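Note that the structure is predicted; figures quoted are calculated from it, not measured. Both backbone and side-chain heavy atoms feed into the values below; hydrogens, waters and symmetry mates do not. The sequence lines fix the lettering, A, B, ..., with proteins before strands; numbering per chain opens at 1.
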Amino acid sequence: MSLYERIKENICKQIEEALTKAREKGELRYDELPVFVLEEPRERQHGDLATNIAMLLTKQARRAPRDIAGILIANLDKEGTWITSCEIAGPGFINFRLDPNWLTGVIPEVLAQGDQFGSVEIGKGEKVQVEFVSANPTGLLHMGNARGAALGDSLASLLAMAGYEVSREFYINDAGNQIHNFALSLEARYLQQLGHDFPFPEAGYHGEDLIETVKKIIEQNGDKYVQMDEGQRREALVRYALEEKIAAIKETLQDFGVSYDVWFSEQSLHDSGYVGQTMQELNKKGYIYEKEGAQWLRSTLFGDEKDEVIVRSNGVPTYFAADIAYHRNKYERGFTRVINIWGADHHGHVSRMKGAMQALGYNPDSLQIILMQLVRLIQDGEIVRMSKRSGQYITLKELMDEVGKDAARFFFILRDPDSTVEFDLDLAKSQSADNPVYYVQYAHARLCSILRQAKEQGYDPEINPEKKNLELLTSPEERELLKKVGDLPGEIALAARLMEPHRLARYVLDLAALFHTFYNSQRVLVEDEALRTGRLALIRATRQVLANVLKILGVSAPERM
RNA sequence: GCGCUCGUAGCUCAGCUGGAUAGAGCGUCUGACUACGAAUCAGAAGGUCUGGGGUUCGAAUCCCUACGAGCGCACCA
């Protein structure tokens, strides 16, 4: 627990004790202590911390909130809480003012913990898996995948920082119908490239990249597949193309700063018989029935709108069947919490997937699915429909070439997954200079620059500050910055609990803003040694926190730019 | 038709699970580089939080409803 949290917790405890004391003395009556908030008020004039407890007690106590607040204050033991004054304000808030030195502990804590500052233990080592992107290996990664990648990777890092044992996983859809279509498309392109008149399949993949792949195949193996029977030909072409596509996806994600712990093949679930075994398990439990020659899962028992086909009448299991097996496998590997990041177009699958897990005896709440709205691409003022089949999409690679990895990641991670983001490609490049990521990175570079300057001027920026140095950091700008710096563990805990990494992007923007404001109002490298030492420590701590958060967000923290 | 997710400044978006006077960035306007990086800072203008009801001390936030947007509702994935 961080210093800031410890201080707040201590005050909460004193508030509770004051209320108990008041009740024992008969000044106040209530049965149950409501869950109350102790937080920093938006307006600085309202003090350092404020609580709403008095207003929450009105019903039980049958008294006016301001009266309750008065009773509470009269019974409050301020010893050891840093509280210097309390006042009743507005409808019944209690505002606390703290001894200005309550923040002096923040900097030593940051400096001592270094890149671990911000880590909290709410995860308690629980094994969590985050599956994200899992794009079809039939093409290149696009903008939607970029959003999923930024979100999933940051979420994984965030959870790790919050004390979970996290594994990142990519599920490769290398089986099923789409692979069949992929094979047909490859076959057609292959034969067409070799001059044969061959029709392109209706449901085929029109992407240009497919032609490139086929050209490479011809380069290496010539026309030797023309003579083969079509089954073998398709098999050979698909095997080559999949390998190439998956390698490309891996490389692109690597460039985007994302590396996975596990790449999991859907086909392997079929090959090992695990899909069939899982179907049997469901059958044994009585959740499967036959109708019109197909096997159906009674997903309506678990709140789904309709039952789902799980094995087609032709005997081929559906994608859903494989997905159930896959998720069952996740639990069998020991994950007690399984997080999936899906595009909003898959929201219909959420309840049935949870239902299937419930049918298998797992707690459906341990499967948590984060839906993200799709990315809308704007070009020439028009919305561009993105579709892999039609081959019309902007790839992640192109995106990185246009705006760079850091700007792209920050762009996505800044937004709540629920918001549909618009991405104007025409403005992408010109916007990139305005991208808020540079605001944060610039702050980091500036901080580094100050530390460099200090060294050049013969000062030791690594020197550990003493209490007397830190007590000199009293300006409003210094204090606001300090408070923000000390907030990180709380921010991490909250963001992890809500699974909302975008909070950290907001946090780091706020932090950078407070630093820039401080920078423009006060000088760090001053003559006064005591003050200089204190400020240099503040600079070091701020830089550390900035770097720690950027690391979670997968954005680099440059020393110069 | 049914379901899911949304609707906040001219634009792009936040808003700490119900708190005090709704906030940033971009754009517009006014100022600040002979001191540690001006990719910065200080200030101004800009709002019926889509409309309408309800819940209560208190609603952008919770409930109902209307309108609008996106996405789902295959023996595709």
Quick one: look up who B/G43 pairs with, Watson-Crick or G-U, both distances under 3.5 Å, and put none if it's unpaired. B/C29
Walk me through it: do A/E478 and A/R535 pass the test salt bridge (Lys or Arg N to Asp or Glu O under 4.0 Å)? CA-CA 9 Å; A/E478 287 164 323; A/R535 285 188 178 159; 2.7 Å; yes
Atom-to-atom span, CG of A/L414 to C1' of B/A14 - whole angstrom: 8 Å
Considering every strand and a 4.0 Å limit on heavy-atom distances, what is the contact class for A/Q522: base, sugar-phosphate, or nothing? base
Derivation and outcome, salt bridge (Lys or Arg N to Asp or Glu O under 4.0 Å), residues A/D304 and A/R298: CA-CA 9 Å; A/D304 203 4; A/R298 292 185 198 279; over 6 Å; no
Within the distance-only criterion (no hydrogens, no angle test), does the side chain of A/T58 pair as donor or acceptor with the backbone N or O of A/R63 below 3.5 angstrom? no
Which is true for A/A445 with a 4.0 Å heavy-atom rule: it touches a base, it touches only sugar-phosphate, or it touches nothing? base
Measure from the side chain of A/P91, starting at C-beta and using heavy atoms only, and say which of B/U40, B/G19, B/C36 lies closest. B/G19
Any base atoms under 4.0 Å from A/L56, or only sugar-phosphate, or nothing? Heavy atoms, all strands. base
Measure from the side-chain heavy atoms of A/R503 and tell me the nearest of B/C16, B/U40, B/U21. B/C16
OH on A/Y519 to CZ on A/R446, rounded to 0.5 Å: 4.5 Å
If we require ring centres under 5.5 Å and near-parallel planes under 30°, does A/F93 stack on B/A20? yes
Closest to the 5' end of RNA chain B, once A/A454 and A/K291 are matched to their nearest nucleotides, is A/A454
Answer with base, sugar-phosphate or nothing: what part of the nucleic acid does A/H46 contact at a heavy-atom distance below 4.0 Å? base
So which heavy atom on A/S313 is nearest to which on A/A294, and how close? N-CB, 3.9 Å
Remember a base hit wins even if backbone is also touched, and classify A/A294 as base, sugar-phosphate or nothing at under 4.0 Å, heavy atoms. base
For A/H502, answer base if it contacts any base atom (sugar-phosphate contacts may also be present), sugar-phosphate if it contacts only those atoms, and nothing otherwise; contact means non-hydrogen atoms under 4.0 Å. sugar-phosphate
Need one value for A/N95: base, sugar-phosphate or nothing, where a base atom within 4.0 Å counts as base even if backbone is also close, heavy atoms only. base
Contact class for A/L494 (heavy atom, under 4.0 Å): base, sugar-phosphate, or nothing? sugar-phosphate
With respect to the side chain of A/V421, which nucleotide from B/A77, B/C13, B/A38 is positioned closest? B/C13
If you look at every strand shown and take non-hydrogen atoms under 4.0 Å, does A/D510 touch a base, only sugar-phosphate, or nothing? nothing
My understanding is that a pair needs two contacts under 3.5 Å, Watson-Crick or G-U wobble. By that rule, which nucleotide pairs with B/C6? B/G68
Contact class for A/E292 vs. all strands (heavy atom < 4.0 Å): base, sugar-phosphate, or nothing? base
How is A/Q45 classified with respect to the nucleic acid when contacts are heavy atoms under 4.0 Å: base, sugar-phosphate, or nothing? base
Base, sugar-phosphate or nothing for A/L498? Non-hydrogen atoms, less than 4.0 Å. base
